[in-house]
S.K.: 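One structure is given below, represented as structure tokens, and several questions about it will come after.
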Amino acid sequence: RDKKVLVDKDGIRRALIRISHEILEKNKGTENLVLIGVRTRGVPLAKRIAANIEKIEGKKIPVGILDITLYRDDLSTIDQQPIVHKTEIDFDVTDKIVVLVDDVLYTGRTIRAAMDAIIDLGRPAAIQLAILVDRGHREFPIRADYVGKNVPTSRKEVIHVCLEETDGKDQVVLQEI
Ligand code: 5GP
Ligand code: MG
């Protein structure tokens, strides 16, 4: 099937450095800043952003993990429903600026569920969203504050986000299905 490399290793590195700077600029530094990666690939992305921020500002920021999967509820529903599994957030989110990090933003269902899960834990000062690829087709009033690349897609295309940590290689590929 037709495959096209949209972003290479250097492109991913530069996008994450830019996003790291944008996060620091918007929030005027690292005070009260925490990152929460959405499993699977949002986690290595969040860790890379945290490492960039440490290099830039000399400050370590906490990184948590949210595990959310979409599942199709037997035959009774057409829509995929997000299910929140275990979370690894060993800090208090109250009064924090929480930056959610995920690889691809599509309908917005996963991020809506992620926000619910975070709000259940406390009362953040703000929740922001960083995404490597925005592929459009939103079904909720959700948008990302920090975007690596906007990729208008058809519903018949998928984005493959490959990262060293999970896939042994850094690249973003568009594939027709
Ligand atoms: P949404 O909930 O916004 O519809 O979909 C977002 C979730 O599904 C994200 O966690 C994202 O990883 C995954 N997803 C949706 N579309 C794609 C895609 O084209 N490629 C990849 N890699 N993940 C996708
Ligand atoms: Mg995902």
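One-based numbering, in listed order, for ligands and for the atoms of each. Owing to the predicted nature of the structure, the values given are computational and were not obtained by experimental measurement.
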S.K.: Under 4.0 Å from atom 13 (C) of ligand 1, can you find at least one protein heavy atom?
M.R.: no

S.K.: Could you walk me through whether Val133 and Thr153 pass the side chain to side chain contact (heavy atoms under 4.5 Å, CB included) test, one step at a time?
M.R.: CA-CA 11 Å; Val133 176; Thr153 58; over 6 Å; no

S.K.: Can you tell me which residue and heavy atom of the protein come closest to atom 2 (O) of ligand 1, and the distance to 0.1 Å?
M.R.: Thr110 OG1, 2.6 Å

S.K.: Is it true that Asp170 and Arg13 make a salt bridge, defined as a side-chain N closer than 4.0 Å to a carboxylate O?
M.R.: no

S.K.: If you look only at pairs with a residue in residues 57-68, which of them pass as a side chain to side chain donor-acceptor pair (under 3.5 Å), with sequence neighbours excluded?
M.R.: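 The answer is Arg39-Asp67, Glu54-Lys60.
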
S.K.: What protein heavy atom lies closest to atom 22 (N) of ligand 1? Include the residue and the distance to one decimal.
M.R.: Ile159 O, 2.9 Å

S.K.: What protein heavy atom lies closest to atom 16 (N) of ligand 1? Include the residue and the distance to one decimal.
M.R.: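 Heavy-atom neighbour on the protein nearest atom 16 (N) of ligand 1: Arg135 NH1, 3.7 Å.
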
S.K.: Tell me, which protein residue and heavy-atom name are nearest atom 8 (O) of ligand 1, and how many Å apart are they?
M.R.: Leu70 CD1, 3.9 Å

S.K.: With respect to Ile111, determine whether any N or O atom, backbone or side chain, lies less than 3.5 Å from an N or O atom of ligand 1.
M.R.: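 No, there is no polar N/O contact under 3.5 Å.
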
S.K.: For Val158, take its heavy atoms, then give the atoms of ligand 1 lying under 4.0 Å from any of them.
M.R.: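 Heavy-atom distances to Val158 below 4.0 Å select 19 (O).
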
S.K.: Are Tyr146 and His21 side-chain neighbours, meaning at least one heavy-atom pair lies under 4.5 Å?
M.R.: no

S.K.: Quick test: of every protein heavy atom, which one is nearest to atom 17 (C) of ligand 1, and how far off is it to 0.1 Å?
M.R.: Val104 CG1, 3.5 Å

S.K.: Using a strict 4.0 Å threshold on nitrogen-to-oxygen distance, state whether Glu157 and Arg135 make a salt bridge.
M.R.: no

S.K.: Mark up the atoms of ligand 1 that fall under 4.0 Å of a heavy atom belonging to Asp103, in ascending order.
M.R.: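 Under 4.0 Å from Asp103, ligand 1 has these atoms: 11 (C), 12 (O), 22 (N).
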
S.K.: Would you mind checking which non-hydrogen protein atom is closest to atom 3 (O) of ligand 1, with the distance to 0.1 Å?
M.R.: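 For atom 3 (O) of ligand 1, the nearest protein heavy atom comes out as Gly108 N, 2.7 Å.
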
S.K.: Could you find the nearest protein heavy atom to atom 10 (O) of ligand 1 and give me its residue, atom name and distance?
M.R.: Asp102 OD2, 2.8 Å

S.K.: Kindly give the cluster partners of Ile36, where membership spreads through any ILVMFWY side chain lying under 4.5 Å from a current member.
M.R.: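 Besides Ile36, the cluster holds Val34, Val38, Leu66, Ile68, Val84, Ile89, Phe91, Val93, Val98, Leu100, Leu105, Ile111, Met115, Ile118, Ile119, Leu121, Ile127, Leu129, Ile131, Phe140, Ile142, Val147.
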
S.K.: Consider every N or O of His160 and every N or O of ligand 1, then say whether any pair is closer than 3.5 Å.
M.R.: no

S.K.: Does this structure show an ion pair linking Glu165 with Arg48, if we count only N-O contacts that are shorter than 4.0 Å?
M.R.: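 Salt bridge between Glu165 and Arg48, a charged N being under 4.0 Å from a carboxylate O: yes.
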
S.K.: Hey, is CZ on Arg18 packed in by over 12 heavy atoms from elsewhere, all under 6.0 Å?
M.R.: yes

S.K.: Evaluate Asp134 against Arg143 for salt bridge (Lys or Arg N to Asp or Glu O under 4.0 Å), listing each step before the verdict.
M.R.: CA-CA 9 Å; Asp134 183 347; Arg143 48 120 191 99; over 6 Å; no

S.K.: Please identify which atoms of ligand 1 are closer than 4.0 Å to at least one heavy atom of Thr107.
M.R.: 1 (P), 2 (O), 3 (O), 4 (O)

S.K.: Could you check atom 15 (C) of ligand 1 against the protein and tell me its nearest heavy-atom contact, residue, atom and distance included?
M.R.: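 Among all protein heavy atoms, the one nearest atom 15 (C) of ligand 1 is Tyr106 CB, 3.7 Å.
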
